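These numbers come from a predicted model, not from an experiment. First listed ligand is number 1; within each ligand, the first listed atom is number 1.
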Amino acid sequence: MIHQIAPSVFNNQYKPRTPKPNDYIFIYGQNQALLDCANEKEPRVPTYSDFAEYNPTLTYLFEIDETAFYLLPMAKWPLSGCPDTDKYKPQPIFSFYMIQPGYMAFAGLTAAHIAGWYEKRTICGRCGAKLVHNETERKMDCPECHNEEFPQINPVVIVGVTNGDKLMLTKYANRPITHFALIAGFAEIGESFEECVAREVFEEVGIRVKNIRFYKSQPWAMSGSLLAGFYCDLDGDDKVILQEDELSEGVWVPRGEIPEQDTKIALTAEMIERFRIGKENEPL
Ligand SMILES: [Zn+2]
């Protein structure tokens with residue numbers, strides 16, 4: 001999965017330090033990031049050495065190994081006096097999946113999650129005053145009403161529903177994604193992950209489940225989420241009643257008919273693959 005970057009180590013503690021020449025600068029705004037596209041085939045994330053002489057105001061994001069990543073909001077671009085700005089082109093965040101090495105793909109997506117939060121947390125949601133960054137941790141403080149805004153993570157369940165030797169696979173309605181997925185949904189306020197699993201399965205395909213068991217989790221920046229993967233078993237009638245505004249298909253697929261999955265990026269694909277090879281109940 002994309003967040004598994006060993007032997008590199010991700011450290012997201014908020015510990016700002018003076019940038020070094022090889023630290024990375026993530027220029028972000030409205031779900032896009034500016035990459036140096038001088039070489040169109042290999043866009044690169046700019047480094048501090050590219051901009052050091054223009055004295056940019058940066059926000060510390062995190063470290064991977066000894067290299068730090070900083071945020072430069074798109075609103076502060078272009079930097080005063082900086083030449084060659086034409087080579088920096090906006091790229092959609094999902095293009096980070098293609099960047100190599102793999103830890104840079106994870107870094108770009110994670111930076112986008114944090115940067116998107118900063119972008120939407122400039123004004124106090126309670127009193128409207130301008131928020132200021134706390135000096136010791138990643139949070140925004142209101143100097144007027146003392147409201148605190150912490151980074152936002154939306155919890156999501158990913159559910160592999162098994163029916164003997166078959167797995168429930170779905171396709172989303174009204175989305176460009178055409179491959180099969182698993183049942184998934186955001187947790188509501190006041191419910192546990194397990195209750196969320198049972199509710200989402202019933203809402204999307206109209207069946208009841210039992211033996212709900214946790215598999216693995218994965219940070220998923222594209223929806224600002226932390227995914228929690230569960231397997232569970234059909235309980236009772238296997239007749240599918242599709243929630244048609246969410247899904248275009250929900251079908252029981254025999255193990256032997258499931259196509260092999262690429263497990264390098266997503267928890268969903270790994271869970272389908274573990275079932276396909278008959279190892280959904282074995283610890284990794
Ligand atoms: Zn306030």
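Lys239 has no carboxylate O lying under 4.0 Å from a charged side-chain N of Asp237, or vice versa, which leaves the two without a salt bridge. With salt bridges taken as basic N to acidic carboxylate O contacts below 4.0 Å, none links Glu149 and Lys120. The pair Glu63-Arg17 meets the salt-bridge criterion, since a charged nitrogen lies less than 4.0 angstrom from a carboxylate oxygen.
Taking 2.8 Å as the limit, the number of protein N, O or S atoms around the Zn ion (ligand 1) is 4.
The 12-atom threshold is not exceeded at CD of Glu42, counting heavy atoms of other residues, nucleotides or ligands nearer than 6.0 Å. For Lys139, the NZ atom sits in a packed shell: over 12 heavy atoms of surrounding residues, nucleotides or ligands are nearer than 6.0 Å.
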Check the pair Asp233 / Thr162 against side-chain hydrogen bond (donor to acceptor under 3.5 Å, both in side chains), numbers first and verdict last.
-> CA-CA 5 Å; Asp233 304 329; Thr162 68; 2.7 Å; yes

